[in-house]
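The structure under discussion appears below in the form of structure tokens.
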Amino acid sequence: MRYIKMAGILLWRIWFYILLIVPIVIMLPVLIVFTTSEKFYPQYFVCSRIWAKCILYGMGFWVKVKAEEIPEKHKSYMLVANHTSMLDIMQMLVIMKQPFVFIGKKELSKIPVFGFFYKRTCILVDRKNQQSRKAAFLEAQRRLKQGNSICIFPEGGVPDDHSVVLDQFKEGAFRLAIEHQIPIVPITFHDSKRRFSYRFLSGSPGKLRVKIHHFIPTRGLEMADRKEIKNSTFNIIYDELVDPSVH
């Protein structure tokens, strides 16, 4: 029975990568057009949401969202969430209807087909390279000035230690939020690690709970306040992960 179960998980995992690529291939002509210019980014974003839904629903997941506040149309936000799985990208696309731009790790651009569009539409960063981090920060500033929202996973990657509930946050997201005086949107993904961790032979279909917390305003704050709002955001997400009844 154990080997049958492991074989089922293996096939299910392979199916994930098929779903990752097939919708892109089907939408290829329109995706190429929509990535020729940044003015088409809202249309590209709609395609990205379709792609994300195909993967989540095709894998047997369903997203249940509890929102204390809803982002308004035509406003920019800094979206921050805990990060434990590739599903976090798809979940963010599903729950947010307004266009935003990911700041993501450069390594994902190596994934066949997906990586081609990832590097044309996201802000890539090599977190081990200071020049890359600086360039990503400047590019995020430019995209915010265009009226986009930005999504950052402020842990700076996925914690290696499976006992770590939430790793310490980097300051980049909070510096950007204060500089552009935009609200921070703390988001908690509850089930990503349990449902689809980076350990290959693990996981199962099921419910993915998401909590969108009350926004943290930054209007009137100065750069000296960045540590305080970073800690506030961390505590909101940490407390929700440890005890969902807190918020």
Side-chain angles (χ1 to χ4, degrees), residues 1-28 31 46-67 79 81-96 102 104-119 121-122 127 151 153-167 187-212 237-246:
M1 285 297 293
R2 180 175 178 272
Y3 293 109
I4 294 174
K5 181 181 178 180
M6 297 301 285
I9 293 175
L10 176 63
L11 291 173
W12 182 66
R13 284 277 183 161
I14 293 171
W15 177 238
F16 172 80
Y17 289 100
I18 293 172
L19 288 173
L20 192 74
I21 295 172
V22 169
I24 297 176
V25 173
I26 292 172
M27 295 188 287
L28 192 60
L31 290 175
V46 171
C47 293
S48 296
R49 296 191 73 232
I50 293 171
W51 168 81
K53 290 178 180 180
C54 287
I55 294 172
L56 292 184
Y57 299 147
M59 289 293 290
F61 299 119
W62 65 92
V63 181
K64 183 178 180 181
V65 182
K66 182 177 180 181
L79 311 174
N82 59 310
H83 189 29
T84 55
S85 169
M86 284 187 69
L87 294 183
D88 300 334
I89 295 172
M90 294 83 184
Q91 288 184 90
M92 191 68 77
L93 286 166
V94 168
I95 67 173
M96 289 295 163
F102 277 112
K105 55 186 180 181
K106 191 176 181 180
E107 292 81 356
L108 291 180
S109 65
K110 298 176 183 179
I111 298 176
V113 185
F114 166 81
F116 175 79
F117 294 102
Y118 176 79
K119 64 186 177 184
T121 56
C122 299
R127 299 184 188 274
C151 175
F153 298 116
E155 291 168 276
V158 177
D160 293 328
D161 186 347
H162 291 287
S163 67
V164 174
V165 175
L166 189 66
D167 213 342
I187 299 170
T188 303
F189 295 132
H190 277 282
D191 304 302
S192 301
K193 182 183 287 188
R194 181 165 59 91
R195 292 296 182 194
F196 201 83
S197 75
Y198 280 91
R199 291 184 296 112
F200 193 74
L201 291 177
S202 66
S204 64
K207 181 168 62 177
L208 297 169
R209 295 168 297 157
V210 180
K211 177 74 171 287
I212 303 174
I237 296 175
Y238 180 85
D239 290 346
E240 176 69 22
L241 287 169
V242 173
D243 184 1
S245 66
V246 170

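All of these numbers come straight from a predicted model, not from anything done at the bench. Along the sequence shown, the residues carry numbers beginning at 1.
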About how many Å separate [atom2] of [Y] and [atom1] of [X], when rounded to the nearest 0.5 Å?
X	Y	atom1	atom2	value
Met59	Trp15	CE	CH2	9.5 Å
Glu107	Tyr118	CD	OH	8.5 Å
Cys47	Leu31	SG	CG	5.0 Å
Leu208	Gln91	CG	CD	4.5 Å
Ser48	Met90	OG	CE	10.5 Å
Ile237	Phe189	CD1	CZ	9.0 Å

Test side-chain contact (heavy atoms from CB on, under 4.5 Å) applied to Ile187 and Ile95, step by step: CA-CA 10 Å; Ile187 299 170; Ile95 67 173; 4.1 Å; yes
So do Thr188 and Lys66 actually touch side chain to side chain, heavy atoms under 4.5 Å?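 No, side chains not in contact.
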With a 4.5 Å limit on heavy-atom distance, are the side chains of Phe16 and Leu87 in contact?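 Yes, their side chains come closer than 4.5 Å.
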The test is side-chain contact (heavy atoms from CB on, under 4.5 Å); show your working for His190 and Glu240 and say whether it passes. CA-CA 8 Å; His190 277 282; Glu240 176 69 22; 2.8 Å; yes
Under 30°, 30 to 60°, or over 60°: which ring-plane class applies to Tyr198 and His83, parallel, tilted or perpendicular?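 Perpendicular, since the angle between the ring planes exceeds 60°.
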Parallel, tilted or perpendicular for Phe61 and Phe196, by the 30°/60° rule?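 Ring orientation, 0 to 90° scale: perpendicular.
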What is the minimum heavy-atom distance between [X] and [Y], and which atoms define it?
X	Y	value
Ala81	Pro154	O-CD, 3.4 Å
Arg195	Gly206	CZ-CA, 3.6 Å
Met27	Ile50	SD-CG2, 4.4 Å

Arg13 and Ser202 side chains, donor-acceptor separation under 3.5 Å: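 A pair is found: one side chain offers a donor N or O, the other an acceptor, under 3.5 Å apart.
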Can you establish whether the number of heavy atoms outside Tyr238 located under 6.0 Å from its atom OH is more than 12?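 Not more than 12 within 6.0 Å, no.
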Please evaluate residues Glu155 and Thr84 with respect to the criterion side-chain contact (heavy atoms from CB on, under 4.5 Å), reporting the C-alpha separation (whole Å), side-chain torsions for both, the decisive distance (0.1 Å), and the verdict. CA-CA 10 Å; Glu155 291 168 276; Thr84 55; 5.6 Å; no
Please confirm whether the backbone N or O of Leu93 pairs with a side-chain atom of Arg49, one donor and one acceptor, at under 3.5 Å?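 Flag set: sc Arg49 to bb Leu93 pair under 3.5 Å.
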Pick one: which of Ile55, Ile14, Ile24 meets side-chain contact (heavy atoms from CB on, under 4.5 Å) with Leu19?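 Exactly one option meets the side-chain contact (heavy atoms from CB on, under 4.5 Å) with Leu19, and it is Ile55.
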Apply side-chain contact (heavy atoms from CB on, under 4.5 Å) to Phe153 and Asp167, showing your working. CA-CA 11 Å; Phe153 298 116; Asp167 213 342; over 6 Å; no
